[in-house]
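Single-structure report; data block below.
Predicted, not measured: the structure shown is a model, and the values here were computed from it. Numbers restart at 1 for each chain; the letters A, B, ... are given by sequence-line order, proteins then strands.
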Amino acid sequence: MPRTKKKQTDKNFFTDVFDVARLIPVGRVTSYGAIGQYLGLKSSARMVGWAMHGCPKDVPAHRVVNSKGLLTGKHHFNPPEKMERLLKKEGVKVVNDKIVAFNEVFWNPSTDLELNETKPRKKRPKTG
DNA sequence: AATCTGACGGGCA
DNA sequence: GTGCCCGCCAGAT
């Protein structure tokens with residue numbers, strides 16, 4: 001939604017990233033690129049991760065990792081260990097700062113969200 | 001204003 | 001499968 005003639009990147013970009021991140025279900029994770037792609041930034045995954053720089057507490061940044069499932073952003077948490085700690089707490093296995101079964105816990109906003117949350121989403125990839 | 005940086009991602013060797 | 005290079009775009013110095 002075109003706010004005004006002004007730069008659209010005023011802060012919408014940030015808020016958008018945060019908004020999507022907040023949509024990440026518990027026990028699931030996503031990648032910066034996935035969020036970026038959902039927002040249309042696709043090739044600007046850096047922007048997404050970088051945007052997390054100002055990620056408020058309301059945003060589960062710990063559920064966001066790089067496309068390899070690596071907890072690359074753990075260094076930015078208050079206690080870096082908090083990231084995997086939170087993930088493990090939510091059921092996400094983490095070993096060596098890496099998400100276990102990343103392909104299973106991976107959550108794609110562009111596909112899993114697909115703008116129809118009101119509908120009973122289809123089968124899940126089965127958590128286990 | 002120009003330059004360097006950054007919580008990334010994909011392609012090629 | 002791993003390692004290196006480029007692109008991407010906005011912020012900070």
> Once you round it to whole Å, what is the distance between P of B:dA7 and CG of A:Leu87?
Replying inline: 18 Å

Tabulated below should be each protein N or O lying under 3.5 Å from an N or O of nucleotides 9-13 of chain B; please produce it.
residue : atom : partner : partner atom : Å
B:dG9   : OP1  : A:Gly33 : N            : 3.4
B:dG9   : OP1  : A:Ser67 : N            : 3.0
B:dG9   : OP2  : A:Ser67 : N            : 2.7

>> Just to be sure I understand the rule, does A:His75 reach a base, reach only the sugar-phosphate, or reach nothing, if contact means heavy atoms closer than 4.0 Å?
In response: nothing

>> Can you measure A:Gln37 atom CD to B:dC8 atom P for me and round it to whole angstrom units?
In response: 17 Å

>> Rounded to whole Å, please give me the gap between CE in A:Met52 and P in B:dT5.
In response: 24 Å

>> Rounded to whole Å, how long is the line connecting atom CG of A:Asp16 with atom P of C:dA10?
In response: 13 Å

> Which heavy-atom pair separates A:Ala34 from A:Asn108 by the least distance, and what is that distance?
Replying inline: CB-OD1, 4.2 Å

>> Once side-chain hydrogen bond (donor to acceptor under 3.5 Å, both in side chains) is applied, what residue pairs with a partner in residues 93-102 of chain A remain, sequence neighbours excluded?
In response: A:Lys74-A:Asp97

Considering only distance and modelled atom types, tabulate donor-acceptor pairs under 3.5 Å from the side chains of residues 62-73 of chain A, sequence neighbours left out.
residue : atom : partner : partner atom : Å
A:His62 : NE2  : A:Glu90 : OE2          : 3.1
A:Arg63 : NE   : A:Glu90 : OE1          : 2.7
A:Arg63 : NE   : A:Glu90 : OE2          : 3.3
A:Arg63 : NH1  : A:Ile24 : O            : 2.6
A:Arg63 : NH2  : A:Glu90 : OE2          : 2.9
A:Asn66 : OD1  : A:Lys68 : N            : 3.2
A:Asn66 : OD1  : A:Gly69 : N            : 3.1
A:Asn66 : OD1  : A:Leu70 : N            : 2.7

> Between A:Trp107 and A:Leu23, what is the shortest heavy-atom contact and its length?
Replying inline: CZ2-O, 3.6 Å

> B:dG6 C1' sits how many Å from A:Phe13 CZ, rounded?
Replying inline: 12 Å

>> I need the CH2-P distance between A:Trp50 and C:dA12, as an integer number of Å.
In response: 6 Å

>> Without decimals, in angstroms, what is the distance between A:Met83 CE and B:dA7 P?
In response: 12 Å

>> Under 4.0 Å, counting only non-hydrogen atoms across every strand here, what does A:Ala61 touch: a base, just sugar-phosphate, or nothing?
In response: base

> Less than 4.5 Å apart, any side-chain heavy atom of A:Phe18 and any of A:Met52?
Replying inline: yes

>> Show the nearest heavy-atom pair for residues A:Ala45 and A:Tyr32, with the distance to one decimal.
In response: O-CB, 3.7 Å

> C:dA12 C1' sits how many Å from A:Met47 CE, rounded?
Replying inline: 13 Å

